[in-house]
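As the structure is a computational prediction, the values presented were derived from the model and not from experiment.
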Amino acid sequence: MANKYFRDHLVPTAATETDLYTVPDANTSILRSLRVTNGNASSSDITVSQYDSGGTEVYLLKEYPVLPDGTIDVFNGVPCVLEAGDKITVESSQSTVHFYLSYLETDRT
């Protein structure tokens, strides 16, 4: 069982739900931080969802306002554990919102 630390980042198109991360087969992931920064002069509403491997959606944040030039951490210090096939999607009302994910993958083989 190998542990690997990773990071992903994304600036999605406005008002489009976009996959940020999907847990690979035979892995478990611990999402440590999801920082969201609004690089716009206007407030932006963000939605962060977790889908299990069967496609069931759970909202982590829904239409949450991020102030102009503001930054939040979605997990606020509480890790999020995902299993193989689970995924995280993000959506923002502005096209200048940056998402930065830090996580640990554990290979279960």
### Task
Quick one: do I46 and I72 satisfy side chain to side chain contact (heavy atoms under 4.5 Å, CB included)? Show the steps, please.
CA-CA 11 Å; I46 63 162; I72 66 164; 3.8 Å; yes

### Task
Spell out, yes or no, whether V78 and I30 are grouped together once hydrophobic residues are joined by side-chain heavy atoms under 4.5 Å, including indirect joins.
no

### Task
Taking N38 for its side chain and L67 for its backbone only, find out whether a donor-acceptor pair lies under 3.5 Å.
yes

### Query
F75 and L60: side chain to side chain contact (heavy atoms under 4.5 Å, CB included), yes or no, with the steps?
CA-CA 8 Å; F75 302 129; L60 302 177; 3.9 Å; yes

### Message
With a 4.5 Å cut-off on side-chain heavy atoms, are I88 and V48 touching?
### Response
yes

### Message
For T18, is there any backbone N or O sitting under 3.5 Å from a side-chain donor or acceptor partner on T89?
### Response
no

#### Entry: Nearest atoms (heavy-atom pairs only) where S43 meets P68
N-CG, 3.8 Å

### Message
Within this structure, what is the CG-CG distance for the pair L101 and L34, rounded to the nearest 0.5 Å?
### Response
5.5 Å

### Message
Is there a side-chain contact between Q50 and L82 in this structure, where contact means two heavy atoms from C-beta onward sitting under 4.5 Å apart?
### Response
yes

### Query
Are a donor atom and an acceptor atom from the side chains of T96 and N40 found within less than 3.5 Å of each other?
yes

### Query
Just wondering, do Y64 and V74 contact through their side chains at under 4.5 Å, heavy atoms?
no

### Heavy-atom side-chain contact between V36 and L61 under 4.5 Å
no

#### Entry: Closest contact, heavy atoms only, E105 versus Y21
OE2-OH, 2.6 Å

#### Entry: D52 atom CG, neighbour heavy-atom count above 12 within 6.0 Å
yes

### Message
In this structure, would V23 and L10 fall into the same cluster of hydrophobic residues linked by side-chain contacts under 4.5 Å?
### Response
yes

### Query
If every non-hydrogen atom of T109 is compared with every non-hydrogen atom of A26, which pair is closest and at what distance?
CG2-CB, 3.5 Å

### Query
Is there a side chain to side chain contact (heavy atoms under 4.5 Å, CB included) between Y51 and E57 once you walk through the steps?
CA-CA 4 Å; Y51 289 87; E57 180 179 24; 3.2 Å; yes

### Side-chain donor-acceptor contact under 3.5 Å, T47 with E91
no

### Query
How long is the gap from NZ on K62 to OG on S49, to the nearest 0.5 Å?
8.0 Å

### Task
Flag the pair V66 / V97 as yes when at least one side-chain heavy-atom distance between them is below 4.5 Å, and no otherwise.
no

### Query
Okay, side chain of S102, backbone of S33: is any donor-acceptor separation there less than 3.5 Å?
no

### Message
Using side chain to side chain contact (heavy atoms under 4.5 Å, CB included), reason through F6 and S29 one step at a time and then give a plain yes or no.
### Response
CA-CA 10 Å; F6 294 98; S29 293; over 6 Å; no

### Minimum-distance pair of heavy atoms, taken over all atoms of A84 and S53
O-CB, 3.7 Å

### Query
For the residue pair H9 and Y100, does the interplanar ring angle fall in the parallel (under 30°), tilted (30 to 60°) or perpendicular (over 60°) class?
parallel

### Query
Any donor and acceptor pair, going by atom type alone, linking the side chain of D73 with main-chain N or O of G77 inside 3.5 Å?
no

### Query
Taking all non-hydrogen atoms of both residues, which atom of L20 and which atom of D8 are closest, and how far apart?
O-OD2, 3.9 Å

### Query
Should we say atom CD of E83 is surrounded by more than 12 heavy atoms from elsewhere, each under 6.0 Å from it?
no

